[in-house]
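These numbers come from a predicted model, not from an experiment. By convention in this document, chain letters (A, B, ...) are assigned in the order of the sequence lines, proteins followed by strands, and residues within each chain are numbered from 1.
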Protein chains: 2
Amino acid sequence: MPRKYHAVLAAAGELFMRQGYAAVSMDAVAKAAGVSKATLYAYLPGKDALLEAVVADRCAQMAERVGAVAVHDVALAESLRLLADSWLRFLLDPRSLRMYRMVIAESPRFPDLARRFFEAGPARGAAFITGWITEEQRLGRFRPELDPKVTTGHVSSLIRGDLFNRVVLGIEQPGEERIAGAVAATVEVLLRAFAVQPQPEA
Amino acid sequence: MPRKYHAVLAAAGELFMRQGYAAVSMDAVAKAAGVSKATLYAYLPGKDALLEAVVADRCAQMAERVGAVAVHDVALAESLRLLADSWLRFLLDPRSLRMYRMVIAESPRFPDLARRFFEAGPARGAAFITGWITEEQRLGRFRPELDPKVTTGHVSSLIRGDLFNRVVLGIEQPGEERIAGAVAATVEVLLRAFAVQPQPEA
DNA sequence: GTCTATATTTAGATAGAC
DNA sequence: GTCTATCTAAATATAGAC
């Protein structure tokens, strides 16, 4: 699939993410990609296939960007802060938000698409956090009796927090301090819930 | 706005929630409501206004259904379990999920709609939880140094948990035990993070 | 592979009778 | 208020030349 195929995927992706699948016409995609409509149909059998190709492409890109900062050679509080900070910022990235909105919206009609997104994004993030937890348990800083996978769900939910839900809905557009503040508050909770020796607050 | 107005809102709501705004035609709404298209335009100036009316209507309904179970005359663990269980089940209700998906999808193009949804749903739930926390603090069972509003974000995030994210994407369709298990695991974390006297596990 | 031009269907919206 | 019938624009998809 040659020359302009990448331009088509990029243009279609941009439009689908911003306006939603149903609201985007093949004309609009062709125009944005600088291609004729007939070329679209030379590449792909139809609009559904275009969406699937776009999401597969974006998932591959996302899979490379996923991954928080894992550090273990500092105090647990700082290690948690770096993990939470990097992961939350990834979630709040406009690309992540647009992808999330679009996939959520179409998941009832395109379940495969939702699963692919989940595997490329949330599942990879979860696997990363599970690894981080396991290592911290080995270091004796994270409660050893907890199941790493179950705990990953709790940790990731706290990191995402209320802020993500508000931003997804456009209720809030957080600045630098807001994000840092949310992370700091979350770290306090994480320490109380998961650290071997609960540390007193400042 | 007389006789068939309710039927129009109900039919349009059902279609918008299930298929998304852009994918639903006015013809489809008219047919589903048992009404001619001209009648739609007698009620409302256009499709956008129909969406806004639908969401306003559903938000009013939702505002009545919102509200978890608040109990304070049992042990904190049981009180937490009831709160988490009722709230999570509300979130996982198909009506909640469809509304959430649709509003998320359209929030970039209809920010007012997202805000109305937020006020009718998540904000009311948060206010409820904040009240619950304040009462538990008064009873001396919930850590008194914590800010109730900030803590509400942490509590609600943990209740929602990983399960909600998976269900929204259609990754998982939880049965009774799955929900109960998720609630139980969450309660353990909530106790460690927020109870005045961390209780030993079973 | 890529284009222009077009076929066909369906969209949102309205006129006018009752 | 409610209908049938219809207008106009825009949608998905394709034919056929290069």
Side-chain angles (χ1 to χ4, degrees), chain A residues 1-58 101-103 105-113, chain B residues 1-58 101-103 105-113:
Chain A
M1 303 287 184
R3 296 223 317 280
K4 306 187 173 177
Y5 185 64
H6 182 70
V8 167
L9 285 192
E14 219 34 43
L15 289 170
F16 286 154
M17 302 296 158
R18 289 183 186 276
Q19 305 178 27
Y21 173 70
V24 174
S25 70
M26 294 295 263
D27 275 289
V29 172
K31 186 176 178 183
V35 170
S36 80
K37 228 186 335 179
T39 301
L40 293 187
Y41 288 93
Y43 292 153
L44 298 150
K47 196 183 174 188
D48 284 13
L50 178 57
L51 175 64
E52 282 166 27
V54 161
V55 172
D57 181 56
R58 298 243 163 178
R101 289 193 194 101
M102 207 274 276
V103 172
E106 302 305 332
S107 61
R109 264 105 35 212
F110 297 91
D112 287 358
L113 193 140
Chain B
M1 303 286 182
R3 297 223 315 282
K4 307 187 172 177
Y5 186 64
H6 181 69
V8 167
L9 284 193
E14 218 35 42
L15 289 170
F16 286 155
M17 302 295 160
R18 288 182 185 276
Q19 306 178 25
Y21 174 69
V24 174
S25 70
M26 294 296 263
D27 276 288
V29 172
K31 186 177 179 183
V35 170
S36 79
K37 226 181 346 173
T39 301
L40 294 187
Y41 287 95
Y43 292 152
L44 298 150
K47 197 183 174 190
D48 284 14
L50 178 57
L51 175 64
E52 282 167 29
V54 161
V55 172
D57 181 55
R58 298 242 161 179
R101 288 193 195 101
M102 207 273 275
V103 172
E106 301 306 332
S107 62
R109 265 107 31 214
F110 296 89
D112 287 359
L113 195 140

- Task: Calculate the interatomic distance between A/Leu50 atom CG and D/dA13 atom P; express it in whole Å.
- Result: 10 Å

- Tell me, which pairs form a side chain to side chain donor-acceptor pair (under 3.5 Å) where one or both residues lie in residues 28-40 of chain A, sequence neighbours left out? A/Asp27-A/Lys37, A/Ser36-A/Thr39

- Message: Once side chain to side chain contact (heavy atoms under 4.5 Å, CB included) is applied, do any residues pair with B/Ala49, and if so which ones, sequence neighbours excluded?
- Response: B/Leu44, B/Pro45

- Among C/dC3, C/dT2, D/dC3, which is the nearest nucleotide to the side chain of A/Tyr43? C/dT2

- Give the rounded distance in Å between these two atoms: CG of A/Leu44 and P of D/dT14. 13 Å

- Query: Rounded to whole angstrom units, what separation is found between the NE2 atom of B/His6 and the P atom of D/dG1?
  - Reply: 17 Å

- List in chain and number order the residues that pass side-chain hydrogen bond (donor to acceptor under 3.5 Å, both in side chains) with B/Glu52, two or more places apart in sequence or in another chain; answer none if no residue qualifies. none

- Per-nucleotide protein contact along nucleotides 10-18 of chain C, 5' to 3', at a 4.0 Å heavy-atom cut-off (B base, S sugar-phosphate only, - neither), is -SBBBB---

- With respect to the phosphate group of C/dG1, does any side-chain polar atom (N or O) of A/Arg3 fall under 4.0 Å of OP1 or OP2? no

- Query: Excluding sequence neighbours, so at least two apart, what forms side-chain hydrogen bond (donor to acceptor under 3.5 Å, both in side chains) with B/Glu14?
  - Reply: B/Arg18, B/Arg58

- Between B/Ser36 and D/dC3, is there a side-chain N or O to OP1/OP2 distance below 4.0 Å? yes

- Results of side chain to side chain contact (heavy atoms under 4.5 Å, CB included) for A/Ala105 - residues two or more places apart only: B/Ala105

- Are any side-chain N or O atoms of B/Tyr21 and backbone N or O atoms of B/Asp48, one a donor and one an acceptor, separated by less than 3.5 Å? yes

